[in-house]
Amino acid sequence: MCGIVGYIGERQVAPILLEGLKKLEYRGYDSAGIAVYHDAKVNVVKAKGRLSVLDERLAGGLNMPGTMGIGHTRWATHGAPSDLNSHPHTSTSGCIAVVHNGIIENYLSLREFLSGKGYAFVSDTDTEVIAHLTDYYYKGDLIETIIKVMNRVEGSYALGVICDDYPDEMVAVRKDSPLIVGLGYQENFIASDIPAILEHTRSIYLLEDKEVVLLRKHEVKIYNIDREEIQKEVFTVNWDVASAEKGGYEHFMMKEMSEQPKAIKDTILPRIRNKEVVLSDIDLSKADVSAIKKIYIVACGTAWHAGLVGKTAIERLAKIPVEVDLASEFRYRDPIIEEGTLVIIISQSGETADTLAALREAKKRGAKILSVVNVVGSSIARESDNVLYTWAGPEIAVASTKAYTTQLSAMYLIALHMGVMKEYVARQDADTIISNLEQIPDKVQRILESKKDIQYFASKHYNAKDVFFLGRGMDYNVAMEGSLKLKEISYIHSEAYAAGELKHGTIALIEEGTLVIALATQKHLFDKILSNIKEVKARGAVVLAIAQEGHVEIEKEADFVMYIPETDPLLTAVLTVVPLQLFAYYVSVEKGCDVDKPRNLAKSVTVE
Ligand code: AGP
């Protein structure tokens, strides 16, 4: 989604804004622009398309002098991508410039109101009403003006505002859209995400909803909506610049897939002590676990897929009924939350709009919230009763990989913790699961080392028109993730199907040469999936099967087989997905797609 960067200090601002915006490219965008204060005036340059277009227009920032400015990458919601619809937007006089992430829900009525007051609109965006509304209320005090604007607009926003009258002040605010403040020496920053400013500072403020920030080069003041100054704790970012950069890899996605052994290790190992799961970061005692009657797992996309695996693990180990919901459905479906309901929210970014809204809905109805989140200090993390962080480090590629496998790891830990607390898992069984868990990072590494085989397979099949992923039980959950990965980065139509359900309609689509990827890692369902492979083979499908080592009988049925190292069937998901990630990656590369920034997609979906 859109990205914001702002700077006030002593250095030339335009190159800093351009660099910062480049670091936010992963969020997805279709146009970009910057506004810079110079010679008692705010100047704006913007351009549809990649940042390189803007960069060229600005000669890398050299032809736009000034030491205070705001920049933006836009992901179109209201109005097509175009120069005019790009941000920053300005008031009619040009005196006020605004960048905005989010959606102003009452923009139509505000547009009507402002048109009636003589304001002429030049774009189709919702954001332009903020520029004009700011101008309408502005009587010389920018903070007071922004508070009035906040009281008038409905929806979500992160805003950066500069004005002709204030050569050394910038105002920023957020509501339901992420925004941070970066603190430097004689310079300060705003940004939608940490990578944009990490090369300049590690000290940041994580803004809460409706906090208003006044930035000067030597100070930052934060106010509440009643204009009372508030004090905030400085948060120190503990990951380094290199972890948000490609580090020699051709794509972030390959880098992030390769980081999975470490990410899983970091997520699991510190939480295992003397063969016991110790979740000291969350407050889930034996009594708490016993009181849980029902669990909802709520998330979007890949995180939702991790939730499906989490359901299997929790139901199997802790015998607590679990419902897995898409956040966009849960928030509007009047969910039944009774005493003893725990809601587990899963999110990499911790900022996904639907997931955050679902969390708030659940909380309003009295549920306890445990979240599994990757980004420390994100909105979901802050609003949850308990947070179990996945220690995946920054994930930049739009296609989620290490976030998913660490989410699975976290769900296994939660399930086992609950199972032991409820005494459904015997000591000896817990020991076996824990040793299997401890071996997962090395096993993932082994799969990554066989990536050449998958690359070869992808080079033969990247022209496929349709791909079907089949699985049963947990394999079906992983099939969904494999299918999503392929769709989002290679644009090949694919479907994940519960293998037993295929013959109830979808098998009609299987014809000579259709590529089917069959997951066969669940021992108790192995014979069943073999029959399903036979069914599609009989209709001409080409089948790639993924099985646990030792299950060689599958070679008789499938055209190609890839083996994953043996493990407990409950834990296979975290291994099975790796060849599927690699397959999607290599197909995308063969097709010449933009692997890290696939079309129409954004990394962090902060609007509904
Ligand atoms: C995965 O590859 C996706 N790009 C997407 O489905 C993602 O998982 C989803 O938008 C949820 O994001 P979150 O984990 O940051 O909440």
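Numbering of ligands and ligand atoms starts at 1, following listing order. Since this is a predicted model, take the numbers as computed values, not measurements.
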**Asked** So does Arg446 pair up with Asp442, basic N to acidic O under 4.0 Å?
**Response** no

**Asked** Do side-chain atoms of Lys402 reach the backbone of Met257 as a donor and acceptor pair under 3.5 angstrom?
**Response** no

**Request:** For the pair Glu199 and Lys23, find out whether any cationic side-chain nitrogen is under 4.0 Å from an anionic carboxylate oxygen.
**Result:** yes

With the criterion set at N/O pairs under 3.5 Å, what does the list of contacts between the protein and ligand 1 look like, atom names and distances included?
| from | atom 1 | to | atom 2 | distance (Å) |
| --- | --- | --- | --- | --- |
| ligand 1 | 2 (O) | Thr302 | OG1 | 3.4 |
| ligand 1 | 2 (O) | Ser400 | N | 2.8 |
| ligand 1 | 2 (O) | Lys485 | NZ | 2.9 |
| ligand 1 | 2 (O) | Glu488 | OE1 | 3.3 |
| ligand 1 | 2 (O) | Glu488 | OE2 | 2.5 |
| ligand 1 | 4 (N) | Val398 | O | 2.9 |
| ligand 1 | 4 (N) | Glu488 | OE1 | 3.2 |
| ligand 1 | 6 (O) | Thr302 | N | 3.2 |
| ligand 1 | 8 (O) | Thr302 | N | 3.2 |
| ligand 1 | 12 (O) | Thr352 | OG1 | 3.4 |
| ligand 1 | 14 (O) | Gln348 | N | 2.6 |
| ligand 1 | 15 (O) | Ser349 | N | 2.9 |
| ligand 1 | 15 (O) | Ser349 | OG | 2.6 |
| ligand 1 | 15 (O) | Thr352 | OG1 | 3.3 |
| ligand 1 | 16 (O) | Ser347 | OG | 2.7 |
| ligand 1 | 16 (O) | Thr352 | OG1 | 2.4 |

**Request:** Take Tyr404 and His305 through the ring-ring contact (aromatic ring centres under 6.0 Å, His included) test and state the conclusion after the steps.
**Result:** CA-CA 8 Å; Tyr404 175 72; His305 295 154; 7.1 Å; no

**Message:** Below 30° counts as parallel, above 60° as perpendicular, anything between as tilted: where do the rings of His72 and His87 land?
**Reply:** parallel

**Item:** Backbone N/O of Leu51 and side chain of Tyr29: donor-acceptor pair under 3.5 Å
**Value:** yes

